[in-house]
Amino acid sequence: MSQSFLNRAKNQYNTLSETERYLIDYIKQHLDTIPQISIVKLSEQANVSTATIVRTMQKLGYSGFTAFKIHLKDDFDSSTEFSIVEKIDKKIQEAILKNEQEVIKTIQLLDSGTIEDALQKIIHSKKIIIFARGFSELIAKEMMVKFQLLGKSCELHDDPNIIRTISKKIDKKNIVIFVSLNGKTKELVEAAQNCQEKGVSTLLLTANQNSPLYDLCEISLVGFKSEISYFPEYEVRSRLPIQVMARIILDAYAIRTEEPRQLDS
């Protein structure tokens, strides 16, 4: 049994409440099953709240229940029961690394000159029109709201038929922003073709340089998309690269439009 855990429990025993002491005793008696259960399961089996579990672990010097299990694993390297903790921890680390890579590599791919060109187009446009479909609509909606908060006229369309119709009537003084992870959505491609024919400025936020939308749009910001997907059966890949680029454009726009106000004051 983990001496580290026992020593912590012994040293802090007088500071624990009756319920917390009961929990410690329960864990000692069922130590061999701890690696396989979640905090919710332990709560049910020991008949204590998850808050009690977290509070008890923190009193013993752990950041939480999972951290407690990881420390137990270190004391039971030869135990097959605790190998599951290491496997779970590694998978979570892989998920963290995947998201970190998407953010870092997306930023590395961005060109300041392209961002400046996009910014100037947006600033000098009469209105921003955003076209997006699927999960990209969430990012597009955030962009619309923030542009509006900054005093810029902006509208979002996500209905296929409306996108096709409006794209044929857009004023050249406006700019269209396409938000599309793969750049292949049919109605968005048709809309980009309509914009190109009418000479309307277009900006694309995507993670696919080899796409019809990339070829059709005037300015394109391309992010890095990991090949790893934790939802392989569904087309719900991470939009994090798109989110990063959208945030940069919004922040840059806020900075640029704030500068004239500061000079006037």
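Nothing fancy with the numbering, it's 1 onward along the sequence.
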Taking [Y]'s backbone N and O only, do any of them form a donor-acceptor pair with [X]'s side chain (distance below 3.5 Å, no angle check)?
X: Ser43; Y: Val48; value: yes
X: Lys141; Y: Leu156; value: no
X: Ser180; Y: Thr206; value: no
X: Tyr22; Y: Ala46; value: yes
X: Lys69; Y: Ile37; value: yes
X: Lys121; Y: Ile219; value: no
X: Thr165; Y: Ile162; value: no
X: Ser125; Y: Ile128; value: no
X: Glu137; Y: Gly134; value: yes

Phe5 vs Ile24, side-chain contact (heavy atoms from CB on, under 4.5 Å): CA-CA, chis, key distance, verdict: CA-CA 10 Å; Phe5 165 61; Ile24 292 298; 4.2 Å; yes
Lys NZ or Arg CZ of Arg8 over Tyr62 ring: under 6.0 Å, within 45°: yes
Stepwise salt bridge (Lys or Arg N to Asp or Glu O under 4.0 Å) test for Arg256 and Glu116: CA-CA 10 Å; Arg256 281 301 171 82; Glu116 180 62 36; 2.9 Å; yes
Shortest non-hydrogen contact from [X] to [Y]?
X: Leu213; Y: Leu188; answer: CD2-O, 3.6 Å
X: Asn161; Y: Asp159; answer: N-OD1, 3.1 Å
X: Lys146; Y: Glu142; answer: NZ-OE2, 2.8 Å
X: Glu218; Y: Ser201; answer: OE1-CA, 3.2 Å
X: Tyr13; Y: Arg21; answer: O-NE, 3.1 Å
X: Asp215; Y: Gln196; answer: O-NE2, 4.4 Å

No-hydrogen, no-angle side-chain donor-acceptor test under 3.5 Å, Glu197 and Gln193: no
